[in-house]
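Encoded as structure tokens, the structure appears first; notes follow it.
Side chains included, hydrogens not; waters and symmetry mates left out as well; all remaining heavy atoms used.
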Amino acid sequence: MSAVTTTLATAQSAVTVAEDAHQVRRRRRLSPGKQWPAARLAGPLLVVVLWTAASAAGTLDPGAIPAPWTVAETAGRLWSDGTLATDVVTSLRRAAIGFSIGLGAGVLLALAAGLSRVGDALIDGTVQLNRAVPTLGLIPLFILWLGIGETFKIAIIAIVVYIPMYLNTHAALSGIDSRYVELAEVQGLSRLRFIRQVVIPGSLPGFFVGLRLSVTGSWLGLVVLEQINATSGLGYMMFQAQNYGQTDVILVGLLIYGVFGLVSDSVVRLIERRVLSWRRTLSS
């Protein structure tokens with residue numbers, strides 16, 4: 001009888017182990033798995049392959065969408081002439097200056113509003129009002145105030161950047177668990193140590209979300225601004241190409257904007273992964 005009981009207990013244990021292993025396997029299937037190297041390039045490369053195949057098969061109208069080799073030849077010619085290099089440098093300078101100003105303003109305003117009730121009362125409503133006004137709708141007013149030179153373009157880019165930067169950083173600050181604040185008060189942390197040890201780590205996830213949106217916004221604002229009373233830049237090059245029906249030149253500009261956006265977003269994601277390496281998320 002005892003032998004039968006022992007056998008039944010062993011069988012039941014084996015079934016339990018098998019069920020546990022099956023549950024572990026089921027849990028593991030919920031994860032998307034390990035990231036592939038350079039996986040984000042798969043989509044753009046697929047688009048290029050389809051574009052090349054359609055052009056080679058004669059499916060696409062060369063006048064509307066030139067073939068990839070035609071666009072590459074045009075880019076090489078513009079680069080050899082020095083036109084493309086000058087426009088690229090000009091666009092990068094505008095985007096960098098506007099982005100830097102908007103980044104600094106967004107973070108400082110978010111800290112002032114997130115750490116002080118007075119700051120929140122004075123700043124948050126104003127930023128929300130600014131957010132409700134289309135930024136590109138401010139262009140005529142800024143032209144009257146600042147003229148048609150570089151200043152108004154940089155100012156518009158800064159506004160496009162600071163709004164998502166402020167919103168996401170402020171939301172992250174507001175979402176910090178109040179128990180951490182109480183613990184810091186119990187520990188007697190100074191204001192500076194509180195910001196360094198509690199506020200900054202707690203707001204970093206939202207900060208990086210705002211940073212990615214701001215980087216994308218700077219390029220979107222730039223492509224519009226460079227087609228308004230500009231004499232240089234990628235947007236100006238595309239606007240001139242539109243007047244002469246040069247679709248290949250327009251595609252060169254669009255591809256460069258796309259590469260700029262993809263590279264800058266990838267850099268921000270890389271920095272985010274390094275800085276927030278302590279987090280256990282699906283992407284990590």
Side-chain angles (χ1 to χ4, degrees), residues 40-41 44-45 47-48 51-52 55 60-104 134-140 142-143 145-162 164 211-268:
R40 301 186 70 212
L41 297 177
L45 288 177
V47 172
V48 173
W51 179 20
T52 303
S55 299
L60 298 177
D61 180 11
I65 304 179
W69 49 87
T70 303
V71 175
E73 181 182 351
T74 301
R77 175 174 53 81
L78 292 173
W79 187 269
S80 300
D81 295 344
T83 306
L84 185 58
T86 302
D87 289 333
V88 167
V89 171
T90 302
S91 296
L92 286 175
R93 182 176 56 81
R94 286 172 180 156
I97 296 174
F99 177 79
S100 300
I101 296 173
L103 174 64
T135 304
L136 298 181
L138 298 173
I139 290 177
F142 272 62
I143 290 177
W145 286 351
L146 304 174
I148 60 174
E150 293 295 303
T151 306
F152 109 87
K153 297 180 179 65
I154 292 173
I156 293 294
I157 294 174
I159 293 175
V160 172
V161 168
Y162 102 88
L211 190 61
R212 292 182 60 191
L213 294 174
S214 298
V215 168
T216 304
S218 65
W219 296 119
L220 293 176
L222 182 66
V223 69
V224 175
L225 292 168
E226 288 189 333
Q227 299 184 39
I228 300 174
N229 295 320
T231 57
S232 61
L234 291 172
Y236 171 75
M237 180 189 74
M238 294 166 59
F239 180 73
Q240 293 296 104
Q242 174 194 349
N243 294 333
Y244 294 101
Q246 297 172 322
T247 312
D248 52 343
V249 177
I250 296 176
L251 284 178
V252 169
L254 290 176
L255 288 175
I256 293 176
Y257 276 125
V259 169
F260 283 168
L262 180 62
V263 170
S264 56
D265 183 71
S266 299
V267 171
V268 173

Distance, nearest 0.5 Å, that separates CD of Gln227 from CE of Met237: 10.5 Å
Sequence neighbours left out, cut at 3.5 Å: what donor-acceptor pairs do the side chains of residues 65-74 make with other protein atoms?
{"unit_1": "Thr74", "atom_1": "OG1", "unit_2": "Thr70", "atom_2": "O", "d": "2.9"}
{"unit_1": "Thr74", "atom_1": "OG1", "unit_2": "Asp248", "atom_2": "OD2", "d": "2.7"}

Can you give me every donor-acceptor pair (side chain of residues 211-218, partner residue at least two apart or in another chain, under 3.5 Å) with its distance?
{"unit_1": "Arg212", "atom_1": "NE", "unit_2": "Asp265", "atom_2": "OD1", "d": "2.9"}
{"unit_1": "Arg212", "atom_1": "NH2", "unit_2": "Asp265", "atom_2": "OD2", "d": "3.4"}
{"unit_1": "Ser214", "atom_1": "OG", "unit_2": "Val161", "atom_2": "O", "d": "3.0"}
{"unit_1": "Ser214", "atom_1": "OG", "unit_2": "Gly210", "atom_2": "O", "d": "2.7"}
{"unit_1": "Thr216", "atom_1": "OG1", "unit_2": "Arg212", "atom_2": "O", "d": "3.2"}
{"unit_1": "Ser218", "atom_1": "OG", "unit_2": "Val215", "atom_2": "O", "d": "2.6"}

Close side-chain approach of Ile139 and Phe152, heavy atoms under 4.5 Å: yes
Gap between atom CD1 of Ile156 and atom OG1 of Thr151 - 0.5 Å precision: 11.5 Å
Polar side-chain atom of Tyr257 near backbone of Gly235 as donor-acceptor pair, under 3.5 Å: yes
Interatomic spacing from CG in Leu220 to CG in Leu136 - rounded to 0.5 Å: 9.0 Å
Main-chain N/O of Gly261 paired to Ser264 side chain as donor or acceptor, under 3.5 Å: yes
Gap between atom CG of Leu222 and atom CD1 of Ile154 - 0.5 Å precision: 10.5 Å
Over 12 foreign heavy atoms within 6.0 Å of CZ, Phe142: yes
Minimum-distance pair of heavy atoms, taken over all atoms of Ala155 and Leu146: CB-CD1, 4.0 Å
If you look only at distance, which donor and acceptor atoms sit under 3.5 Å apart when one is on a side chain in residues 82-101 and the other is two or more places apart or in another chain?
{"unit_1": "Thr86", "atom_1": "OG1", "unit_2": "Gly82", "atom_2": "O", "d": "2.9"}
{"unit_1": "Asp87", "atom_1": "OD1", "unit_2": "Gly233", "atom_2": "N", "d": "3.1"}
{"unit_1": "Thr90", "atom_1": "OG1", "unit_2": "Thr86", "atom_2": "O", "d": "2.9"}
{"unit_1": "Ser91", "atom_1": "OG", "unit_2": "Asp87", "atom_2": "O", "d": "3.1"}
{"unit_1": "Ser91", "atom_1": "OG", "unit_2": "Glu226", "atom_2": "OE1", "d": "3.0"}
{"unit_1": "Ser91", "atom_1": "OG", "unit_2": "Glu226", "atom_2": "OE2", "d": "2.7"}
{"unit_1": "Ser91", "atom_1": "OG", "unit_2": "Leu234", "atom_2": "N", "d": "3.0"}
{"unit_1": "Arg94", "atom_1": "NE", "unit_2": "Glu150", "atom_2": "OE1", "d": "2.8"}
{"unit_1": "Arg94", "atom_1": "NE", "unit_2": "Glu150", "atom_2": "OE2", "d": "3.1"}
{"unit_1": "Arg94", "atom_1": "NH1", "unit_2": "Glu226", "atom_2": "OE2", "d": "2.9"}
{"unit_1": "Arg94", "atom_1": "NH1", "unit_2": "Ser232", "atom_2": "O", "d": "3.0"}
{"unit_1": "Arg94", "atom_1": "NH2", "unit_2": "Glu150", "atom_2": "OE2", "d": "2.7"}
{"unit_1": "Arg94", "atom_1": "NH2", "unit_2": "Ser232", "atom_2": "OG", "d": "3.4"}
{"unit_1": "Ser100", "atom_1": "OG", "unit_2": "Ala96", "atom_2": "O", "d": "2.8"}

